[in-house]
Amino acid sequence: QVQLEESGGGSAQEGTSLRLSCVASGSTYRSCMGWFRQAPGKQREGVAAIDSESTGRTRYADSVKGRFTITKDDAKNTLYLDINTLRPEDTAMYYCAAKPGICWIPSLVGTDYKYWGQGTQVTVSS
């Protein structure tokens, strides 16, 4: 069993940056990890994912490429999402998720993930 807890959200001005963190209780070693977001009235969107083998293989949604960076620290059981140049359309609840097992190809498909956090709200004002 893995429990995930996100933090780092909040209110921010357009153009600034935020770092989201997701701490796992229970090892996420050799788990694909991902960040998803859901804005009011919209479907959940996978925005970034990282493979289980710490090869640095990542995947990003087209809407965030070049602005979002996903990293993880296996020693700290922590996943990060650095969001740069925030835009109002980044306003959403952000969730981290874990897919246990060796995973070479990061997935942005929510149904591939087994464990989910409760989310952290990001609100961007212009």
Side-chain angles (χ1 to χ4, degrees):
Q1 186 75 16
V2 174
Q3 292 185 322
L4 305 171
E5 183 173 0
E6 304 93 337
S7 62
S11 297
Q13 290 289 318
E14 183 176 11
T16 62
S17 300
L18 279 178
R19 166 171 267 204
L20 306 185
S21 299
C22 171
V23 178
S25 60
S27 176
T28 55
Y29 177 66
R30 287 197 150 172
S31 296
C32 256
M33 302 291 295
W35 285 99
F36 294 78
R37 68 184 181 186
Q38 188 166 22
K42 294 188 176 182
Q43 288 189 330
R44 183 178 61 196
E45 173 190 23
V47 294
I50 191 166
D51 77 310
S52 64
E53 301 305 291
S54 298
T55 63
R57 186 175 290 121
T58 56
R59 176 172 286 184
Y60 297 94
D62 288 343
S63 58
V64 306
K65 278 181 183 176
R67 297 191 302 118
F68 286 25
T69 303
I70 185 171
T71 56
K72 65 177 181 175
D73 186 333
D74 288 326
K76 296 182 178 179
N77 279 346
T78 302
L79 180 74
Y80 302 100
L81 184 69
D82 289 299
I83 308 175
N84 296 313
T85 319
L86 280 160
R87 302 172 180 170
E89 54 264 39
D90 294 325
T91 295
M93 185 72 80
Y94 283 73
Y95 302 90
C96 70
K99 175 188 176 188
I102 295 175
C103 165
W104 291 102
I105 303 174
S107 171
L108 295 178
V109 177
T111 51
D112 286 343
Y113 290 81
K114 181 176 183 179
Y115 299 109
W116 293 82
Q118 294 298 309
T120 186
Q121 177 68 39
V122 172
T123 303
V124 183
S125 56
S126 57

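The chain is numbered in sequence order, starting from 1.
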task: Indicate whether the side chain of Thr78 and that of Asp73 have a donor and an acceptor atom separated by less than 3.5 Å.
output: no

message: Quick check for you: to the nearest 0.5 Å, what is the distance between Ser17 atom OG and Asp82 atom CG?
response: 8.0 Å

field: N/O donor-acceptor pair under 3.5 Å between Gln38 side chain and Met93 backbone
entry: no

- request: Please report the C-alpha distance between Ser63 and Glu89 in whole Å, then the side-chain angles of each, then the deciding distance to 0.1 Å, and finally whether the side-chain contact (heavy atoms from CB on, under 4.5 Å) criterion is met.
  value: CA-CA 10 Å; Ser63 58; Glu89 54 264 39; over 6 Å; no

message: Working to the nearest 0.5 angstrom, can you tell me the gap between Cys22 SG and Tyr115 OH?
response: 13.5 Å

query: Which heavy atom of Glu14 sits nearest a heavy atom of Ser126, and at what distance?
result: OE1-CB, 3.2 Å

message: To the nearest 0.5 Å, what is the distance between NZ on Lys72 and OG1 on Thr58?
response: 11.5 Å

query: Is there a donor-acceptor contact under 3.5 Å from the side chain of Asp74 to the main chain of Asn77?
result: no

task: Without swapping roles, check the side chain of Ser107 against the backbone of Val109 for a donor-acceptor pair under 3.5 Å.
output: yes

- prompt: For Tyr94 and Leu81, what are the C-alpha separation, side-chain angles and deciding distance, and is it a side-chain contact (heavy atoms from CB on, under 4.5 Å)?
  reply: CA-CA 10 Å; Tyr94 283 73; Leu81 184 69; 4.1 Å; yes

- prompt: Between atom CG of Asp51 and atom OG of Ser31, what is the distance when rounded to the nearest 0.5 Å?
  reply: 11.0 Å

task: Would you check if the side chain of Glu6 reaches a backbone N or O of Gln118 as a donor-acceptor pair within less than 3.5 Å?
output: yes

Minimum heavy-atom distance Arg59-Ile105, with the two atoms named: NH2-CG2, 3.7 Å

- request: Spell out, as yes or no, whether a donor-acceptor pair under 3.5 Å connects the side chain of Trp35 to the backbone of Tyr80.
  value: yes

task: Kindly indicate, with the supporting measurements, whether the criterion side-chain contact (heavy atoms from CB on, under 4.5 Å) is fulfilled by Tyr60 and Ile70.
output: CA-CA 9 Å; Tyr60 297 94; Ile70 185 171; 3.4 Å; yes

- request: Any chance you could measure Ile50, atom CD1, to Leu79, atom CG, to the nearest 0.5 Å?
  value: 7.0 Å

query: Under 3.5 Å, is there a donor-acceptor pair linking the side chains of Glu5 and Thr120?
result: no

- request: For the pair Leu86 and Asn84, evaluate side-chain contact (heavy atoms from CB on, under 4.5 Å) and give the outcome as yes or no after the intermediate values.
  value: CA-CA 5 Å; Leu86 280 160; Asn84 296 313; over 6 Å; no

message: For the backbone of Cys103 and the side chain of Ser52, can you confirm whether one donor and one acceptor N or O come within less than 3.5 Å of each other?
response: yes

- prompt: Under a 4.5 Å side-chain heavy-atom rule over Ile, Leu, Val, Met, Phe, Trp and Tyr, are Met33 and Val2 clustered together?
  reply: yes

- line: For Pro106 and Cys32 the tightest heavy-atom approach is CA-SG, 4.0 Å

query: Judged by atom type as modelled, is there a donor-acceptor pair below 3.5 Å linking the side chain of Arg67 to the main-chain atoms of Thr85?
result: yes

- prompt: Hey, what's the ring geometry for Tyr95 with Trp116, parallel, tilted or perpendicular (30° and 60° as the breaks)?
  reply: perpendicular

Ser125 versus Gln13, side-chain donor and acceptor atoms under 3.5 Å: yes

message: Check this for me, if you would: do Asp90 and Arg37 make a salt bridge, where the nitrogen-to-carboxylate-oxygen distance has to be below 4.0 angstrom?
response: yes

- prompt: In terms of ring plane angle, is the pair Phe36 and Tyr113 parallel, tilted or perpendicular, where the classes change at 30° and 60°?
  reply: perpendicular

- prompt: Does Val122 reach the side chain of Leu18, with side-chain heavy atoms less than 4.5 Å apart?
  reply: yes

- line: Taking every heavy atom of Ala92 against every heavy atom of Gln121, the minimum-distance pair comes out as O-NE2, 3.4 Å

- prompt: Are the side chain of Arg19 and the backbone N or O of Ile83 linked by a donor-acceptor pair below 3.5 Å?
  reply: no

